[in-house]
2 protein chains.
Amino acid sequence: MSFRLKGFERKPLEDRYDVIVVGAGPAGLSAALYAARYRLKTLLIGETIGGQLANAGLVDDYPGFIEVEASQLIQSFVRHVEKHGVPIERDRVEDIKREDDFFSVYTRSGRVYRARAVIIAVGLERKKLGVPGEAEFVGRGVSYCTVCDVPFFKGKRIVIVGGGNSGVTGAIHAVGYASKIYLVTRGEKLRAFPIYVEALNKHRDKIEVIFNSTVSEIGGDKEVRYAVIKNLKTGETRKVDVEGVFIEIGNQPPTDFFKKIGLEVDEHGLIDVKPGGYTNIEGIFAAGDCAGGKNKYYFQQVVVSAAEGASAADAAFKWIIQKRYPIMGLS
Amino acid sequence: MSFRLKGFERKPLEDRYDVIVVGAGPAGLSAALYAARYRLKTLLIGETIGGQLANAGLVDDYPGFIEVEASQLIQSFVRHVEKHGVPIERDRVEDIKREDDFFSVYTRSGRVYRARAVIIAVGLERKKLGVPGEAEFVGRGVSYCTVCDVPFFKGKRIVIVGGGNSGVTGAIHAVGYASKIYLVTRGEKLRAFPIYVEALNKHRDKIEVIFNSTVSEIGGDKEVRYAVIKNLKTGETRKVDVEGVFIEIGNQPPTDFFKKIGLEVDEHGLIDVKPGGYTNIEGIFAAGDCAGGKNKYYFQQVVVSAAEGASAADAAFKWIIQKRYPIMGLS
């Protein structure tokens, strides 16, 4: 992704915090903002600044920001968090354990941070197609983010797999770069929002939509040279010469990570939350796309994630007060 | 309030819509934005553009907007809605009735609009103190919005009633205008966010906080000249010479309006919603501060209201699709 960490004024890292926020997408950034505004000593740990938003192009559905580049919107969120003095640590959290009156948060880089409360906002990971050639050609023609990588495919022929919002908006975005776009969907029609399908239909000269199908094989030499498109109804296959295969078939939560911590998950593997982001573990809250359960209207939008982050910070604040823990950020 | 309706490009009003959004605060504006993005033919009817946000000063808790004037933030929301072509009608909705396959929406000005679905986002109304002189001096020294009206009290002495966020931020805001501020609260301490209390404490030279007390009487001639502050523990009263009394004791929902429509309410008189804003009436959704119930984490923030508006629009869209109503906005 193209986002650059410019101008970060990093506070020295310490060992103990009131709140650690895990995940640097809209939910995590908003949670950190709210926690800091409540004068909680807050640390944000995340791998990808902006989360899935880092994969988006132009954003027009965060109320108040009209047609803004995703990178700009992320920058605005980050600056807002920075203004309130929250250090943002780029690392991956691998485990969280309750130890005495603190949670210990273990990261891949080997650091351990402790906090009274933890807000988990790690979002979702990209789903794999699971076909021959896919793993082999990752980074050599196979990509999971059309918007991020299609600028490298100027004048080239590509396949996009997926008929949802990511696939369709990816195809629209690709029109400005690729010479030919095969959009492959398992469905009989595109599942994307009508507004996106409408926009796509203006570019049918470059975009060929192939229904009831998937990519069953990816091949090439050093780089991708072809893909096999299989019709799932007839079994028929068609080999197309392409140099890029973009897989946009959705996302999945890191359920194993949640289970390792001891968090209860719903039937989709999302953290089961009550309103406010309360989980089954007292002191651990969840917000954004990684949070689910029947108490929540699941809607993957920046504004929804930001709202859930804010609410989780509020709930964490009240929980800390209720436990009568001294607030470190006030001392 | 100071917001001006500049640059509205109003579409001619029609009689039938896919969705009517009632209320023009952050929840209503966001709902209208999302509905329009889904190509639903949408009308927004509201009395106060910006809703309660119109009473705020500087806003620093809508992620991405760093220290923005509330009027600016409202403007950004309105422009975003305008861009998607939604007419904004300034009127008060007085009744909503199901008639055939449409809801009929009756306004104070005598108009009737019809829609497949309605999203109610009317927010809350200001609470009254209910003491002698209050009603008499409204607009002549008595105000329910410190931030809106305190600029008219330059160099004057004022009382603010209320120890929550509105009262405390109102007092901070008043420091720039009034010569002396009595902040009166029923509580033994201020209930506002720590960050606000901290800011208030920097101005204790001008602000006198009076605990365990309320204003029991307001008096004057043509305008307010005094207020009586009563200690609720000792019963002691103290008459202070002031020219302004700002009542910031909270808000309440228009519960009678909800009941008239047939909506079920919770114990606070808020519309009882399920996740996504579903109410007990199929086709009517609710979002923002007017929506409550045990399925919701009640948190009065712009970002939360905006998220609920977005979710309600998504739910309304799915409901219209499910009912197989033709989408007018697409024809």
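Per chain, numbering begins at 1; letters A, B, ... match sequence-line order. Atoms considered below: every heavy atom in the structure, side chains included; atoms not considered: hydrogens, waters and symmetry mates. Only a predicted model underlies this, so the values are computations on that prediction, with no experimental measurement involved.
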Run B/V304 and A/S311 through side-chain contact (heavy atoms from CB on, under 4.5 Å) and show every step you take. CA-CA 8 Å; B/V304 171; A/S311 295; 3.8 Å; yes
Please walk me through it: do B/Y62 and A/Y62 pass side-chain contact (heavy atoms from CB on, under 4.5 Å)? CA-CA 11 Å; B/Y62 185 65; A/Y62 185 66; 3.6 Å; yes
Could you give me the CA-CA distance, side-chain angles and deciding distance for A/H84 and B/D60, then say whether side-chain contact (heavy atoms from CB on, under 4.5 Å) is met? CA-CA 10 Å; A/H84 289 274; B/D60 188 45; 2.8 Å; yes
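Counting heavy-atom pairs closer than 4.5 Å to chain A, the top-ranked of the candidates B/L73, B/V68, B/I195, B/I66 is B/I66. Most heavy-atom pairs under 4.5 Å with chain A, from the set B/G309, B/A315, B/S305: that is B/A315. In terms of heavy-atom pairs under 4.5 Å with chain B, the best-connected choice from A/P63, A/A307, A/P26, A/S76 is A/P63.
Of the atoms belonging to A/F77, heavy atoms from both backbone and side chain fall under 4.5 Å from chain B. The contact between B/Y278 and chain A is made entirely by side chain atoms (from C-beta outward), counting heavy-atom distances below 4.5 Å. No part of A/E308 comes within reach of chain B, as not one of its non-hydrogen atoms sits under 4.5 angstrom from that chain.
When atom types are taken as modelled, the side chain of B/Y297 and the backbone of A/A312 share no donor-acceptor pair closer than 3.5 angstrom.
The interface of residues 283-296 of chain A with chain B, defined by heavy-atom distances below 4.5 Å, comprises A/K294, A/N295, A/K296. Below 4.5 Å, heavy atoms of chain B meet heavy atoms from A/P275, A/G276, all part of residues 267-277 of chain A. Interface with chain A: from residues 32-40 of chain B, residues B/L33, B/Y34, B/R37, B/Y38, B/R39 qualify, criterion being any non-hydrogen pair under 4.5 Å.
In terms of the ring-ring contact (aromatic ring centres under 6.0 Å, His included) criterion, A/Y298 has no residue partners (sequence neighbours excluded).
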